[in-house]
Amino acid sequence: MKPRVRFAPSPTGYLHIGGARTALFNWLYARHTGGAFILRIEDTDAARNSQEAVEVILNGLRWLGLHWDEGPLTADATGPCKGDRGPYFQSQRKENYRRRVEALLSRGLAYEHEGAVKFKMQREPITVHDLVAGDVVRKLTDREEADPDFVILRSDGQPVFHLVNVVDDLEMEITHVIRGEDHLSNTAKHIALFQAFGVKLPHYAHIPLILNPDGTKMSKRDKGASLANYVHDGFLPEAVVNYLCLLGWSPKDNREKLALAEIVECFDLPQILRHNARFDYEKLLWLQGEYARELADDRFYELAVHAFAKAGVNTNAFPLAYVKAALDTCKGKFKTFSELPVYAGFYFADQIEYDAEGAKMDFVPENKPRLEKLRDAFATAPTFEAATLETALKETAKALGVKAGVLVHPCRLAVTGKPAGPSLYHLLEVLGKEKVLARIERSFERFA
RNA sequence: GACCCUAUGGUCUAGCGGUUAGGACACCACCCUUUCACGGUGGUAGCCCGGGUUCGAUUCCCGGUAGGGUCGCCA
């Protein structure tokens with residue numbers, strides 16, 4: 001039988017980066033083995049679940065490219081799903097849980113207590129045969145020693161996580177439960193439940209957690225815990241996916257930047273590390289830069305235009321050729337797309353602000369006559385192309401007896417307002433003679 | 001408090017009894033370069049501690065310490 005794995009998030013309104021990795025590892029295992037990846041929404045807690053919250057999860061998985069073989073097609077719990085083991089929303093499976101509780105009750109494996117139903121848990125240690133952690137013998141804690149039984153149906157009739165999770169996994173015929181290590185201790189309860197239902201256990205693989213850079217638990221409040229964060233900051237899904245794979249897993253041959261197809265090829269459960277990993281934003285940024293540099297032109301333009309639009313800059317107000325030429329000077333020079341509007345905003349702004357530090361350094365009295373000379377050279381250059389402008393600048397520098405850099409810096413600041421940016425000669429060409437000369441002219445009033 | 005998992009440079013990792021402990025990110029220096037970035041070269045930095053086992057432990061065992069997880073009518 002082909003493996004059947006599932007990602008079973010609770011719609012809380014955001015997709016945790018650790019949850020995203022759990023989904024990814026499930027997806028990778030399914031693709032590696034030719035099995036099925038199932039998405040199940042654990043929305044038993046009606047009070048805090050909403051359709052929008054489900055939307056966040058669906059969108060997150062879609063953004064990452066983790067398409068599911070079975071599960072919801074929309075965020076509507078009563079809406080259409082694909083797969084024949086549905087419903088895939090727990091809120092729609094009440095009847096299944098009720099039947100299962102009845103069965104346990106009638107066989108004396110559960111009992112009513114203060115209006116709730118509790119499962120009779122065994123006191124003997126339970127061994128979890130975990131594909132990642134190995135054999136784990138789980139003994140009762142002191143509190144469980146006092147009362148090992150646990151609630152499976154609340155007094156208001158709502159089923160509890162442990163029950164629904166197990167019922168769904170067995171009814172959906174899940175073969176491998178790949179989930180966060182935070183569930184390892186709970187697994188004993190789940191195993192007892194599976195046995196009570198008289199069915200074969202799924203294989204378990206508990207993957208380590210992702211921690212904050214300081215080693216503490218990454219919770220909703222932490223910056224960087226939400227996947228939406230990376231989407232918002234203009235990361236590329238392929239970079240995030242690649243990075244997530246490297247947290248707790250490695251191909252063991254020193255490769256780090258890997259295409260998804262390569263990862264699918266060599267991914268497997270036993271090679272997953274057993275210890276938690278800290279999230280290294282800098283390394284993610286590095287991968288992001290790697291992927292951003294080799295983006296296909298069309299996708300690059302699309303993402304760039306979108307980034308500008310989000311920053312309130314409508315690049316469509318400019319000629320398409322101008323926009324493309326401008327963006328071409330930026331490709332490979334920034335990492336996340338959220339940097340772009342600041343990096344290249346001068347192409348699309350009427351008024352430019354001068355960087356304070358740069359102005360102090362470059363808009364000094366002795367530079368004014370130099371910049372005037374440069375302006376004249378640009379004005380009389382035979383063409384306004386990068387190569388011509390470079391020649392003009394270098395000849396001007398030579399005539400003035402200074403290094404090229406002495407002209408380059410004030411010129412860049414005058415034209416872009418920034419001390420760093422795209423190749424100067426190329427950006428001058430893109431901006432065009434009129435804007436360049438006007439901006440240089442305007443900068444003169446700023447010289448000390 | 002009890003139970004469970006884990007421990008290689010700052011971070012992610014390779015290693016599975018004998019290695020000059022390898023790679024990547026970050027950092028530093030230099031080169032390239034009009035800036036920034038990229039690229040190139042070199043460098044700083046590591047086996048948590050204590051006992052065993054062994055001719056020999058980063059590697060195996062035990063203990064400690066530290067970090068993480070779980071013990072809920074949350075999931």
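The figures here come from the full heavy-atom set of this structure, side chains too, leaving out hydrogens, waters and symmetry mates. Chain letters run A, B, ... following the sequence lines, proteins first, then strands; residues in each count from 1.
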Under 4.0 Å between any heavy atoms, over every strand shown, what does [X] touch: base, sugar-phosphate, or nothing? Just pick one.
X: A:Glu114; answer: base
X: A:Pro422; answer: base
X: A:Gly180; answer: nothing
X: A:Val164; answer: nothing
X: A:Ser250; answer: sugar-phosphate
X: A:Leu273; answer: sugar-phosphate
X: A:Tyr425; answer: base
X: A:Ala277; answer: sugar-phosphate
X: A:Tyr343; answer: base

Salt bridge between A:Asp156 and A:Arg154, side-chain N to carboxylate O under 4.0 Å?
-> no

Which nucleotide wins on minimum distance to the side chain of [X], given the candidates [options]?
X: A:Leu424; options: B:rU6, B:rC4, B:rU34; result: B:rU34
X: A:Val136; options: B:rU6, B:rU34, B:rC4; result: B:rC4
X: A:Lys252; options: B:rU35, B:rA14, B:rC38; result: B:rA14

What about A:Phe25 and A:His32, are their ring centers closer than 6.0 Å?
-> no

Could you pull out all residues at least two apart from [X] that satisfy side chain to side chain donor-acceptor pair (under 3.5 Å)?
X: A:Trp249; value: A:Gln271
X: A:Lys335; value: none
X: A:Tyr291; value: A:Asn242

If I take atom [atom1] in residue [X] and atom [atom2] in nucleotide [N], what distance separates them, rounded to the nearest angstrom?
X: A:Asp147; N: B:rC73; atom1: CG; atom2: C1'; answer: 13 Å
X: A:Ile152; N: B:rG72; atom1: CD1; atom2: C1'; answer: 15 Å
X: A:Gln271; N: B:rG15; atom1: CD; atom2: P; answer: 10 Å
X: A:Ile210; N: B:rU11; atom1: CD1; atom2: C1'; answer: 14 Å

Any N or O donor-acceptor pair linking the side chain of A:Ser423 to the base of B:rU35 at under 3.5 Å?
-> no

Just jot down the ring-ring contact (aromatic ring centres under 6.0 Å, His included) partners of A:His16, sequence neighbours excluded, or say none.
-> none

Does anything in residues 6-24 of chain A pair up under salt bridge (Lys or Arg N to Asp or Glu O under 4.0 Å), and if so which pairs, sequence neighbours excluded?
-> A:Arg6-A:Asp169

In short, salt bridge (Lys or Arg N to Asp or Glu O under 4.0 Å) pairs touching residues 377-395 of chain A with sequence neighbours left out are A:Glu390-A:Lys394

Just checking, A:Lys189 and A:Phe150: is the charged tip under 6.0 Å from the six-membered ring centre and within 45° of the axis?
-> yes

Name all pairs fulfilling the side-chain hydrogen bond (donor to acceptor under 3.5 Å, both in side chains) condition that reach into residues 401-416 of chain A, sequence neighbours left out, sorted by first residue then second.
-> none

For residues 113-126 of chain A, which residue pairs qualify under side-chain hydrogen bond (donor to acceptor under 3.5 Å, both in side chains), counting only residues two or more places apart or in two chains?
-> A:Lys118-A:Asp147

When you check every protein heavy atom under 4.0 Å of nucleotides 21-32 of chain B, what one-letter string (B, S, -) results, 5' to 3'?
-> -BBBB-------

Contact letters for nucleotides 61-71 of chain B, in which S counts primed atoms plus P, OP1 and OP2 and B counts the base, heavy atoms under 4.0 Å | ------SSBSB

Check the phosphate of [N] against [X], side-chain N and O only, distance under 4.0 Å to OP1 or OP2. Yes or no?
X: A:Arg154; N: B:rG72; result: no
X: A:His275; N: B:rU13; result: yes
X: A:Thr44; N: B:rC74; result: no

Distance-only, no hydrogens or angles: does the A:Asp268 side chain make a donor-acceptor pair with backbone N or O of A:Pro270 under 3.5 Å?
-> no

Quote, to the nearest angstrom, the C1' distance that separates B:rC12 from B:rG51.
-> 31 Å

Within residues 373-399 of chain A: residues closer than 4.0 Å to RNA chain B (heavy atoms) = A:Lys394

side-chain contact (heavy atoms from CB on, under 4.5 Å) with A:Ser423: which residues, sequence neighbours excluded?
-> A:His426

